[in-house]
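Worksheet for the structure shown next.
Here is the naming used below: chain letters follow the sequence lines, and residue numbers restart at 1 for every chain. The model shown is predicted, which means the values in this text are computed figures rather than measured ones.
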Amino acid sequence: MHLARSFCFLTMHRWDLPPEEAIKVQNELRSKVDLKNRVDLSKVRLIAASDLAYDGDIGYAVILVYSYPDLRLLEEVSVKRRVDFPYIPGLLAFREMPLLIEAADKLKKKPDVWLIDGAGIAHPRRMGIASHFGIYVDAPTVGCAKSHLFGKFKEPGPKQGDYTYLYDKDEIVGVVLRTKDGVKPLFISVGYGISLDVAVRLILSCCDGYRLPKPLREAHNVIERIKREGDKMTLF
DNA sequence: GCGACAG
DNA sequence: ATCTTGTCGC
């Protein structure tokens, strides 16, 4: 893991780029997204999810690793670090990935699939944070956004499991998925190394009666607590 | 030119 | 994401 991080820091790119340069990087990374399905749901044993929270320019990130499909918490890592890149629609990875990378580096277990808050290829340049992070860790990722960023769609039916497709022109870039009866849908897209239908089945199998898949739900709860007790943590 | 715009 | 009171509904 440490070797992997050093390797990636040398080969990827810097994160403190001006927006115009960041967009160029995204366009260059576009060809590196693995769209082959590497995930056999019956072989998934470890599933990870992350979430971030902010206190001014201080950011916190947590990664939780769960067993699958029974969804028992197996590992938790968190980091605290100053964040300078602002939130810019389409450039979320440049704000959040340094935190995610640092947290991922502390992980002892190697997740089979990652659930990432935000978009995958349902992005203007097909390079949402889930895809960007997938390239970095070279592991399957699913983009799981709570609201819309990119793509045309029709509202899905009201029942749990109802869905419609997200389109860019004639191309399907994601699914608008009703994960719970009568609540706002989730915007699911392939991040890296997984097919859209497997991603959707995976998400649904993690939403035990709630709108958000359990790992993301609990990552959110944990990061809120960590931020409240942020004094007791050391900066990186 | 006018909206839309993950977290 | 964060700010931030009351309020509608199961």
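In this structure, A:Lys180 places its NZ atom 12 Å from P of C:dC10, rounding to the nearest Å. Rounding to whole angstrom units, CD1 of residue A:Ile58 and P of C:dT2 are separated by 14 Å. Atom CD1 of A:Ile88 is separated from atom C1' of C:dA1 by 14 Å (rounded to the nearest Å). Taking atom CZ of residue A:Arg228 and atom P of nucleotide C:dT2, one finds them 11 Å apart after rounding to whole Å. Atom pair A:Leu212:CG and C:dA1:C1' shows a separation of 15 Å (rounding to whole Å applied). Counting to the nearest Å, the P atom of C:dT2 and the CD atom of A:Glu96 are 10 Å from each other. Atom CG of A:Asp55 and atom C1' of C:dC3 are 13 Å apart (whole Å). Here B:dA6 presents its P atom at 18 Å from NE2 of A:His132, a figure rounded to the nearest Å.
Out of B:dG7, C:dT2, B:dA6, the shortest distance to the side chain of A:Ile129 is found at B:dA6. The side chain of A:Tyr54 lies closest to C:dA1 when the candidates are B:dG7, B:dA6, C:dA1. Across B:dC5, B:dG7, C:dT2, the shortest atom-to-atom separation from the side chain of A:Ser147 is found for B:dG7.
Among the heavy atoms of the strands lying under 4.0 Å from A:His123 is at least one base atom, whether or not backbone atoms are also near. Within the nucleic acid shown, A:His220 comes within 4.0 Å of sugar-phosphate atoms alone, with no base atom in reach, counting heavy atoms only. Across all strands shown, A:Ala53 has heavy atoms under 4.0 Å from sugar-phosphate atoms exclusively, and none from any base. Residue contacts for A:Gly90: at a heavy-atom cut-off of 4.0 Å it reaches a base atom on one of the strands shown. Nucleic acid contact for A:Ile116: none, since no nucleic acid atom lies under 4.0 Å from a heavy atom of the residue. Among the heavy atoms of the strands, none lies under 4.0 Å from A:Lys152.
Side-chain atoms of A:Tyr60 and A:Glu224 include no donor-acceptor pair closer than 3.5 Å.
At the phosphate of C:dT2, OP1 or OP2 sits under 4.0 Å from a side-chain N or O atom of A:Lys227. Here A:Lys146 does not reach the OP1 or OP2 of B:dA6: none of its side-chain N or O atoms lies under 4.0 Å away.
Within the 3.5 Å criterion, the main-chain N or O of A:Val83 finds no donor-acceptor partner in the side chain of A:Asp57.
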*Please assess A:Leu186 against A:Leu212 for the test side-chain contact (heavy atoms from CB on, under 4.5 Å), listing each intermediate value before the final yes or no.*
CA-CA 8 Å; A:Leu186 257 32; A:Leu212 294 178; 4.0 Å; yes
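A:Tyr210 carries A:Arg217 over the face of its six-membered ring, with the cationic atom under 6.0 Å from the centre and within 45° of the normal.
Aromatic rings from A:Trp15 and A:Phe85 are positioned such that their centres are separated by 6.0 Å or more.
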